[in-house]
Chemist: 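One structure is given below, represented as structure tokens, and several questions about it will come after.
Throughout, protein chains are lettered first and strands after them, A, B, ... in sequence-line order, and every chain is numbered starting at 1. Computed from a predicted model, the values in this text were never measured in an experiment.
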2 protein chains.
Amino acid sequence: MDDQAIPLDAETKAVEMPEDHREELRLWLRLLTCTTLIEGDVRRRLRERFDVTLPRFDLMAQLDKVPDGMTLSDLSKRMMVSNGNLTGLVDRLVASGHVVRTVSPTDRRATVISLTDSGRAEFRTMAAEHEFWIADLFGDLTARDRGDLMRLLGKTKLSARRAIKGEAQ
Amino acid sequence: MDDQAIPLDAETKAVEMPEDHREELRLWLRLLTCTTLIEGDVRRRLRERFDVTLPRFDLMAQLDKVPDGMTLSDLSKRMMVSNGNLTGLVDRLVASGHVVRTVSPTDRRATVISLTDSGRAEFRTMAAEHEFWIADLFGDLTARDRGDLMRLLGKTKLSARRAIKGEAQ
DNA sequence: GGTAATTGTTTTAAGCTTAAAATAAATTCG
DNA sequence: CGAATTTATTTTAAGCTTAAAACAATTACC
């Protein structure tokens with residue numbers, strides 16, 4: 001009778017203390033706070049210093065990685081934003097002379113977006129300064145902190161991707 | 001002559017390898033990726049499951065923490081968004097019956113925003129499920145990972161705040 | 001070769017977001 | 001007390017963002 005106390009307790013615990021996930025919630029909120037803080041600062045500096053928005057900077061950053069542009073769909077995947085969103089963003093960057101649209105020679109549906117020479121030059125000027133802002137924002141972390149954080153965020157990224165894929169409805 | 005090799009090398013290194021901050025940049029991009037992934041998933045689930053947007057959920061989350069509502073300015077500070085943004089957000093939540101506006105009894109400029117009873121009940125239903133989504137998204141991290149990440153993000157938050165304050169123009 | 005399904009992009013409608021200007025009430029301080 | 005400043009909110013104009021629908025070109029495959 002009483003020797004069943006242990007398994008019963010374990011059972012009771014499982015029922016009365018179904019795991020609570022407040023810790024994960026706090027972790028998520030802190031992650032979001034860090035991103036919001038840094039992003040807000042970068043956004044403000046880009047505007048004040050170069051009169052450019054963060055989405056435009058991000059788009060140019062993707063294009064600067066490749067020599068000859070990429071399609072809207074590629075941009076969309078890499079930037080993790082919708083296609084429709086990019087249409088307008090590219091419109092504005094074409095209007096300001098930073099990028100150009102070219103019909104893909106191999107697929108007449110597809111548009112290749114590329115930086116103009118001046119667009120690339122302007123981006124690189126901004127990017128060089130941007131790098132210092134980021135270095136300053138993370139400036140109080142040691143090299144070890146940065147390594148650890150990088151690794152843990154890598155693990156978080158994989159975990160999130162796994163969870164998202166798993167939802168297949 | 002040759003015994004000056006060491007200081008000269010150190011000097012040379014400092015000149016030819018002015019610190020590059022690509023590591024911090026990668027760290028920032030990874031942080032942003034994690035946030036974007038998780039936020040996108042939460043946004044989609046809130047819409048599909050409860051037909052609510054993330055900003056509305058966030059606003060209600062702030063209000064649920066207090067018994068009697070808070071002013072628009074308080075909400076603005078806590079949510080790290082502009083006042084003007086909240087005006088419209090509150091308008092829509094008033095229209096849907098989730099919150100109410102009351103003129104502050106002590107300051108006729110200020111509006112106190114509070115959850116209605118049904119708004120609070122509805123929020124708590126959503127929040128309970130939301131907690132599981134977050135737990136799942138972070139599910140592959142060990143308790144130790146979560147603790148480490150929490151600490152490192154805490155340090156990051158302080159570092160960013162220090163950098164932002166320091167910019168006082 | 002011709003329909004069907006897929007892929008690439010744009011459009012649409014709605015909502016979110018910001019900075020800056022405007023409005024209005026409270027506070028400061030001469 | 002009363003003008004000047006500060007604080008709380010709203011309005012405005014512009015841009016960002018998404019999901020869903022529409023459109024157009026390509027690919028699959030019978």
Chemist: Counting only side-chain heavy atoms from C-beta out, which of D:dT9, C:dA20, C:dG8 sits nearest to B:Thr111?
Modeler: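 Nearest listed nucleotide: D:dT9.
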Chemist: What nucleotide among D:dC16, C:dT11, C:dA25 has an atom nearest to a side-chain atom of A:Pro55?
Modeler: D:dC16
Chemist: Heavy-atom nearest nucleotide on DNA chain C for A:Asp107 versus B:Met80: which residue maps closer to 5'?
Modeler: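 Closest to the 5' end, via its nearest nucleotide, is A:Asp107.
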Chemist: With hydrogens left out and only the distance checked, is there a donor-acceptor pair under 3.5 Å joining B:Arg109's side chain and the base of D:dT7?
Modeler: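 When only heavy-atom distances are counted, B:Arg109 does reach the base of D:dT7 through a donor-acceptor pair under 3.5 Å.
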Chemist: Is A:Arg44 paired with A:Asp41 through a side-chain N to carboxylate O contact shorter than 4.0 Å?
Modeler: yes
Chemist: Quickly work out the B:Glu48 CD to D:dA20 P distance and round it to whole Å.
Modeler: 8 Å
Chemist: At under 4.0 Å, does any side-chain N or O of A:Asn83 touch on OP1 or OP2 of C:dT9?
Modeler: no
Chemist: Scan A:Thr71 against the nucleic acid and name what it touches under 4.0 Å (heavy atoms): base, sugar-phosphate only, or nothing.
Modeler: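 Result for A:Thr71 = sugar-phosphate.
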Chemist: Taking NZ, NE, NH1 and NH2 as the nitrogens, is one of them in A:Asp51 or A:Arg56 under 4.0 Å from a carboxylate oxygen of the other?
Modeler: no
Chemist: Starting at the 5' end of DNA chain C and moving along, which residue's nearest nucleotide shows up first, B:Leu89 or A:Arg47?
Modeler: B:Leu89
Chemist: Do the charged groups of B:Arg78 and B:Asp58 touch, with an N to O distance under 4.0 Å?
Modeler: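 No.
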Chemist: Using a 3.5 Å distance criterion without hydrogens, assess whether the side chain of A:Asp145 forms a donor-acceptor pair with backbone atoms of A:Thr142.
Modeler: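 Answer holds: yes.
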Chemist: Select base, sugar-phosphate, or nothing to describe what B:Arg43 touches, counting heavy atoms under 4.0 Å on all strands.
Modeler: nothing
Chemist: Please compare A:Thr106 and A:Ser82 by the position of their nearest nucleotide in DNA chain D and report the one closer to 5'.
Modeler: A:Ser82
Chemist: For B:Asn85, report the nucleic acid contact type (base, sugar-phosphate, nothing); a contact means any heavy atom under 4.0 Å.
Modeler: base
Chemist: With a 4.0 Å limit, can you tell me whether B:Thr53 has a side-chain N or O closer than that to the phosphate oxygens OP1/OP2 of C:dC16?
Modeler: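 For C:dC16, OP1/OP2 do have a side-chain N/O of B:Thr53 under 4.0 Å.
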Chemist: If only side-chain N and O atoms of B:Ser73 are considered, is one of them under 4.0 Å from the OP1 or OP2 phosphate oxygen of D:dT9?
Modeler: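 B:Ser73 to D:dT9 OP1/OP2: side-chain N or O found under 4.0 Å.
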Chemist: Minimum heavy-atom separation for B:Ser76 and B:Ser82, please, with both atom names.
Modeler: OG-C, 4.0 Å
Chemist: Of the options D:dG15, C:dG8, D:dT10, whose atoms approach the side-chain atoms of A:Arg56 most closely?
Modeler: D:dG15
Chemist: Does a nitrogen or oxygen in the side chain of B:Arg92 sit under 4.0 Å from OP1 or OP2 of C:dG15?
Modeler: no
Chemist: OP1, OP2 of D:dA8 versus side-chain N and O of B:Ser104: anything below 4.0 Å?
Modeler: no
Chemist: Taking for each residue the nucleotide of DNA chain D with the nearest heavy atom, is it A:Leu86 or B:Arg101 whose nucleotide lies nearer the 5' end?
Modeler: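 Nearest-nucleotide comparison on DNA chain D picks B:Arg101.
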